[in-house]
Protein chains: 2
Amino acid sequence: MEKYAKLLKKHGIKVTPQRLEILKYLNENHNHPTAFQIFSNLKERNPSFSKTTVYNTLEMLKAHKLIQVLTISESELRYEFDNKLHHHFLCKKCGKISDIDVQCPFFEKMLDSEYKVEEVHGYFKGICTRCSKEEELKSET
Amino acid sequence: MEKYAKLLKKHGIKVTPQRLEILKYLNENHNHPTAFQIFSNLKERNPSFSKTTVYNTLEMLKAHKLIQVLTISESELRYEFDNKLHHHFLCKKCGKISDIDVQCPFFEKMLDSEYKVEEVHGYFKGICTRCSKEEELKSET
DNA sequence: GTACTAAATAGGAATCGCTACAAAATGGGA
DNA sequence: TCCCATTTTGTAGCGATTCCTATTTAGTAC
Ligand SMILES: [Mn+2]
Ligand SMILES: [Mn+2]
Ligand SMILES: [Zn+2]
Ligand SMILES: [Zn+2]
């Protein structure tokens, strides 16, 4: 827990129990959770945990580039602690988001372009392995 | 207008005035509009134009892969008629979305992978040229 | 330890993009 | 023309996010 406190201090962010909990949750859950998933999980242990605090904290962590916000879903934002460059795959059937370990080769070029690039997102969408197999089984009957 | 009708017929979609209007609007406005922008523009000429029709039609066009849905914004979906592979840049200041004419080099590889890829999205986010210059001018005062 | 103060949190209301639903309109075929 | 399936419309509803304000917390000075 001390490492999260250090991280926050390093960025000049005041350390609070709620912020530590959110950081810990993101670090231990690499499934790109929604704000609501974070909220409801933390609320279980601390019933007074507030939804607003989750949104405020995520906003602040994002501003300090400590977390990444994914707009891969059409209906809600997904968050992740890991902020090194990688792509994502969204299964349209089960909703699972997987990491794809490649880096955009245009990133460097874009840095030299007329645009001031701050974020790079690579999203693939389709059907995941598990769901594809399930579909095959169904069609065989 | 006849070309839109042909396009719809080719895909087995029944031709209606509303669908033609939406296709025409998307073809003539390459600024990746929101559903609401489409709706309010078409409503000006035809006051009974319905929001639901816009969403239904966009959903149908998307299902037939006639249009692309962009999840680049954090708050709303953007639509475009052009469905050939290209990337996008979102300016966080003015909200403008620009086309970046590159193709994801991982697309082919992903097609051979365990995933069944149906969509590829490449998003860059930051500050556009115009907004960067405006910022410079401000700081010079 | 107490008092003061600014920042953070909690809880609820409000907003907004999108969807669901049912009634009315449309339009092609008998 | 009449029928019936499809489409459109208008409204209500939903869910993710934001806004607002009272309360709590935590740091500082006395
Ligand atoms: Mn990831
Ligand atoms: Mn485009
Ligand atoms: Zn799946
Ligand atoms: Zn801009």
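Labels below follow one simple rule: chain letters A, B, ... track the order of the sequence lines, proteins then strands, and each chain is numbered from 1. The structure presented is a predicted model; accordingly, all values stated were derived computationally and were not measured.
Between the CE atom of A:M60 and the P atom of D:dT18 there is a distance of 15 Å, given to the nearest Å. In this entry the distance linking CD of A:Q18 with P of D:dT25 reads 9 Å, nearest Å.
Ring geometry for B:F124 against B:H87 counts as tilted: the plane angle lies between 30° and 60°, on a 0 to 90° scale. Ring geometry for A:Y123 versus A:H88: interplanar angle of 30 to 60°, hence tilted.
With a cutoff of under 4.0 Å to any heavy atom of chain B, the contacted region of DNA chain C is bounded 5' to 3' by C:dG17 to C:dC21.
In this structure a side-chain-to-backbone donor-acceptor pair under 3.5 Å is missing from A:D99 to A:D101.
Within residues 30-58 of chain B, the residues that place at least one heavy atom under 4.0 Å from DNA chain C are, in residue-number order, B:K51, B:T52, B:Y55. Proximity of residues 66-76 of chain A to DNA chain D (heavy atom under 4.0 angstrom from any strand atom) is restricted to A:S75, A:E76.
A salt bridge is absent between B:E118 and A:K125: the closest approach of a Lys/Arg side-chain nitrogen to an acidic carboxylate oxygen does not fall below 4.0 angstrom.
Taking the six-membered ring for Trp and the full ring otherwise, the centers of A:H32 and A:H30 sit at least 6.0 Å from each other.
Looking at residues two or more places apart in sequence or on another chain, you find no ring pair (Phe, Tyr, Trp, His ring centres under 6.0 Å) involving A:F81. With sequence neighbours left out, the salt bridge (Lys or Arg N to Asp or Glu O under 4.0 Å) criterion links A:K96 to no other residue.
Between A:K14 and A:L77, the residue anchored nearer the 5' end of DNA chain D, judged by the nucleotide with its closest heavy atom, is A:L77.
Counting Ile, Leu, Val, Met, Phe, Trp and Tyr side chains that sit under 4.5 Å apart, directly or through other members, B:I127 stands alone, with no cluster partners.
Taken to the nearest 0.5 Å, the OG1 atom of B:T57 stands 9.0 Å off from the CD1 atom of B:I13.
Looking at every heavy atom in both residues, A:S98 comes nearest to B:Y115 through CB-OH, 3.5 Å.
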